[in-house]
Every structure is written in C-alpha cells, then in structure tokens.
Amino acid sequence: MLDAAEKKRLVKKARQLRERIVEVTFTCGGAHIGGAFSQHDILVALYYKYLRLDPAQPAWSERDRFVLSKGHGGIGHAVILADKGYYADKLLDEFNKTGSPFGMHLDRLKVPGVDASTGSLGHGIGIAVGMALGARVTGKSYRTYCLIGDGECHEGSVWESAMAAAHFKLANLTCFVDRNGFSLDGPTEKIMALEPLDKKFEAFGWRVLQIDGHDFDAICGAIEEAQRERERPVMVIAKTIKGKGVDFMESKTGWHYGGLDDEMKRKALESIRRTYPD
Amino acid sequence: MAKAQGLTWTVEDADQMTQAEIYGAVITQMGQKDKRLVALTADLARSTKIGKFEEKIPERFFNFGIAEANMFAVASGMADAGLIPIVSTFAVFSSLRAAEFVRTDICYQKRNVKIIATHSGTSFGQAGTTHHCTEDLAVMRALAGMTVIAPADALETAKAVEAAVAMDGPVYIRIGRGFEPPLHKDLGFEFQIGKAIQLREGTDLTVIATGVPVRHAVEAADLAKQQGHSVRVLDMHTLKPLDEAAVLAAVKDTRRIVTVEDHSVVGGLGTAVAEAIARSGKGCAFRSLGYQDCYSIVGYPDDLQHHYCIDGDGILAAIGEVLKADFEADEDWADED
C-alpha cells in the first residue's frame, strides 16, 4: 500500500514533470501532449517507485525493462529520463530540432534509458514479450513493463503478441493500456470499437485489472498485484484522461498533438497547479 | 564426402544434404555449444528445418504460430537480453509480411538477429505465386545495417550461417526450398561475407550469379568455353555489402557482365551490380537475368528456371548476345560537335 507521504511525493513529482512537459512542448513547437498527460501518472509510479534501474548504466543487463509501445508519448518519457539523471535536462531544449537526439518518438540508440525505439504502433508489446522471454531463457530476474495506447489495440500485431505472452505464461510481463478513449481521428469507439477490451484480453489469456490511471493508490496496487502473479501476464487497463491536468486539453481530440503559444503555456501551467496544489 | 567439418560443426554426408537440412543441423550443433542461440519460427519448424533445433534444445526453441510480425518483434526483445535469435520462416513472410518489423525492430535498433529465409525465389514453384518470393533481396538490401547473403548450396549455407553468427548485427540469409544439387564438392573453398568466390577464370565476359543459379552459371561458362569463349564466373553470395572490387575487376578485365538471380531484376543482384558499374564510370555491356518485373508462373523449379532463362541454357544464350554487343562502336555514343 501507498503511505500518505509516498503518495504526496509521487503526486508532486507528477505535477513538476507535467509542468516540464508543457515547457518542452512550448520550446519544441509541438508534441503529442494529450497522450503524454494520459500515460503520465503510470510512468511516474513506475520510474519513481518500482523500476530497478541504474541511470549510470543504461544498458545494465539486470535492469527492469520499460517499453513505451505508444511511442508518441516520447516527450513524457524524455522528461522523466532527464529527471532520473540519464542525461542533462538542458538537452531537452533540442527536442524536435534538426540533428537532435530527441524526435517525437524516442530512439534507443540516441536517448540513454530508452529500451526500445518505438513509434510505429503494435511493435513495442512484441519487443516486451521478447524481453520477458529473454529473462526466462537467461535466468534473469528483471521484470518487463510495457505501456500500449488504446488506439494501438487496433493493430493486429498487438493481438499476436497478446497471444504469445499468454501462451508462454509470461508472468514477468506487466502491460498497461492507456485507455484515454481517443485515437488521432477521434473517440476509439467511433473510429473502430474496442470494447469490451477487458474481455478481449481475458479471452487471450491475460489476467486483467481495471483501474483509474490517475489514482496513485490504484496504479501502485495494480503493479504490486501484477508482481505477485505467477501464471499469467497482467494487463492493467487504466482509464485515463487525454490531456489530464490541463483543463482546456482534457478529452479534446484536437490535443492529440499540438503546439503552445505564450498565453496557452501560461494557462496550461496555471491549470496544472490548480489541479495539483501543494 | 563422408564428413564435412566446420569450425563449430561436423556433418556426415553433407554433400547429400539440402540447404535447409544442413542449416538445421549446423544451427543445432552451434546451439548446443553456444547458449546465446535461440531458434524462432512461425509454424514452419518442419518446412524450414529449424525444427532440428527443437529436437535437441527444446528450452531454447520458440514457435509463435502463424504470426510473423510478433515473432520479429520478439526477436528484437530477446536480443536485448543478450541472446542471438535465429529466426526462420519463408522468404515471402520474412521480407514482405513482416518487413516493417524487420526494419524497425531489428535493423533500426541494431539488434543481433539472424534471419534464415527459406523457399525463396521460385524454389517452391508448384505452391503458386503467393509462396514465391522474388522481391526479398530488394527489400533487405534497402534496409540500412542489414547484411544480405544468398548461398549457392548447402555447404555454402553452412559457412554463411557460421559467419553470420560470428558477426554482430542483423543478417538475412535466403535459401531455396532445398532440393537443389550441390555446387561445391567439399569445404575446400574460402567463404568470407562480402567477398565473391571466383569459380571460373575468364577474359571475354563475366557472369555474376547469386544463390541457386550459381551452379547454372558454371554450367553455362563451361559450355561457352567449348564454343571458344572465356567466361569468368563469380559467386556473389553476399548482396550486401557487395564485393565492388570484384565487379570493378570484371568491368576492367572483361567489359561484359551478365547477372543471374532467382529474384526480380528490380532491386536485387542485377541492380546492385549495375549501380557499381555506373559508379565506376567505365563502359560495360550488361544484361540482368531474373524475373523481368512480373509475377512468376506456377511450376516445378527446374521448369521455371528454364522459363525465366536463369538456367544453363538461358545463361548461355545471354552470354552469346552480350558477347555480340558492340557498344564501343555504337554511333549513338559519338560526340556531337
């Protein structure tokens, strides 16, 4: 269970990093900001409480793996990796610039701490299945975590990977669905219906947990539940809000991707501080 | 040949084995010695012969069912764990169905994965065009960081597999279905990735071939010799990196080149050699044999090789035509004053 002090620490970290996402989005001219905010609290819980990592050794063979299968959330991942000390935060000023190591979708060979170069949807979960299988073959104890988008579940390869993870009984693999309800063109249920998503993953052989993806008690509870599972991979369907924390972005299709001017940046930061007061 | 012995394997009656059988045997022996090797397939363990690995090392063998995209993504993740995945399925599924996974998860991320693609070209001719693969060399050549090898027979396949595992980085090895007669009689040939093997010396014309048609090129060169023509034969087993020095030497020494491949003339060996010739800036009569931008018809492999002029007869005819080409006297090349 999450004690009050730890929860406060995670909430504060999540707020500070949301502010940083706004600043980097302002500087770089545009980012997939809506999805970065919906996935954000899950990443904060993983990186600041659970993942066994050593930022001084990004390729440490025993490290826990994290694959951001919805690679367009790269801006959110990048600010966390900077904060964890993988590289200087100042480097984020170069986000999206010509020749920069940071594009919208992060490259594992250019950005320390990134375990897989993602961006093309439906790839990362398969890579995560390989990492989890690799741990079994090599006798390593690391765990593999993966986060997929809900729209990403339209990709057939997600279901190939889901079948394989259950077939090989990869209990060392925990995956999250960032169920914000939107893909680029609009609501997922209008574009191509996914529900009942929980029953689909259950039918594929996963243990499914459903949580509020912005509630740290629920996120941490699900991660610990998954760590106790011995038979099956665990899929945590996290109900989230696209643009969470910035009132004018929340659940707006238009904020899948966007840039910020001075006024929008000021309003976004104000909204985040209102949502997450000290 | 009773026994063939590589650095890491020994096979009885290797000259009687098909490409597929020998790679299955070699990979299995290598896997018994090197615990980093894992074998992956997509419901084609028996057809590709990687099932041999499963018989001996079941704990490092993984069958993903009929789902190639996921299999190549998984291979990327297993390589992250320090393993060397050997992924085997038909060429058409490796290079076309799963192309983006090979590109994005393996090549772009510099993952140490070896792909052994079987049933390439029209080697499974009677299966029909959905199972032919005349585009894989073009696709794989276009992937930055990919090493592309098309061995001519079983013994060359054995050496290619050994060399691929010994190097770091993605490798694509394309072989046939595996009923082709051997080219090499024994292992007394040097195989080095990126270095062509000269099988016949010649000064009038050079045939550069890759994969199964290499032995047809030798046959054609020997027939041409009886007609008084001196034809060089290069076994260009590595498409990428291409042995440009061997191509340039052929341009310089023979000024006439014919390429032969069990593949489309778009993007494969013929294209690679043509690029090298063009870069050289030297004049050279040139003809590329292969599938001429078409979907191959159904039939037995030998019949199809004849139909598409990549057998001994077809190559010999092309040699005759290219020897007649008098490009240096062509009036179109005269300077306009």
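- B:E100 touches chain A through backbone and side chain together, each having a heavy atom under 4.5 Å away.
- Residue B:K110 places its NZ atom among 12 or fewer non-hydrogen atoms of other residues, nucleotides or ligands, all under 6.0 Å distant.
- The environment of NZ in A:K169 is sparse: at most 12 heavy-atom neighbours from other residues, nucleotides or ligands sit within 6.0 Å.
- When all heavy atoms of A:M131 and B:R111 are compared, the closest pair comes out as CE-NH2, 4.3 Å.
- With a 4.5 Å cut-off on non-hydrogen atoms, A:S61 does not touch chain B at all.
- Interface residue A:D115: only backbone heavy atoms are found under 4.5 Å from chain B.
- Neither the backbone nor the side chain of A:A128 has a heavy atom closer than 4.5 Å to any heavy atom of chain B.
- For A:R136, no part sits under 4.5 Å from any heavy atom of chain B, backbone or side chain.
- Within a 6.0 Å sphere centred on CZ of A:R52, heavy atoms belonging to other residues, nucleotides or ligands number more than 12.
- Other residues, nucleotides and ligands contribute at most 12 non-hydrogen atoms within 6.0 Å of the NZ atom of A:K199.
- In terms of heavy-atom proximity, B:F62 sits nearest to A:L133 at CE2-CD2, 3.6 Å.
- Annotation: maximal heavy-atom pairing with chain B below 4.5 Å, among A:S161, A:A164, A:A135, A:G134, occurs at A:S161.
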Given side chain to side chain contact (heavy atoms under 4.5 Å, CB included), test A:I127 with B:D80 step by step and report yes or no.
-> CA-CA 9 Å; A:I127 294 173; B:D80 180 84; over 6 Å; no
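- Surrounding CZ of A:R232 are more than 12 heavy atoms belonging to other residues, nucleotides or ligands, all under 6.0 Å away.
- Contact of B:F64 with chain A is made through the side chain alone, with heavy-atom distances under 4.5 Å.
- Crowding of B:K52 atom NZ: a count of heavy atoms from other residues, nucleotides or ligands under 6.0 Å not exceeding 12.
- Residue A:K200 places its NZ atom among more than 12 non-hydrogen atoms of other residues, nucleotides or ligands, all under 6.0 Å distant.
- Heavy atoms of other residues, nucleotides or ligands lying less than 6.0 angstrom from CE of A:M192 number 12 at most.
- The candidate with the highest count of non-hydrogen atom pairs below 4.5 Å against chain A, out of B:A81, B:G82, B:A73, is B:A73.
- Each of B:E68, B:M71, B:M78, B:E59 has some count of heavy-atom pairs under 4.5 Å with chain A, and the biggest count is that of B:M78.
- The most heavy-atom pairs under 4.5 Å with chain B, out of A:H167, A:R65, A:M163, A:K140, come from A:R65.
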Evaluate the criterion side chain to side chain contact (heavy atoms under 4.5 Å, CB included) for residue pair B:R36 and A:T138; output intermediate values, then yes/no.
-> CA-CA 8 Å; B:R36 296 172 303 164; A:T138 55; over 6 Å; no
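- No side-chain donor-acceptor contact under 3.5 Å links A:S157 and B:N70.
- Classification of the B:F101-A:H123 ring pair by plane angle, with boundaries at 30° and 60°, yields parallel.
- A:R108 places a side-chain N or O within 3.5 Å of a backbone atom of B:Q109 that can act as its donor or acceptor partner.
- When the candidates A:A59, A:A132, A:S120 are compared by the number of heavy-atom contacts under 4.5 Å with chain B, A:S120 comes out ahead.
- In terms of heavy atoms, A:L109 sits closest to B:Y108 at CD1-O, 3.5 Å.
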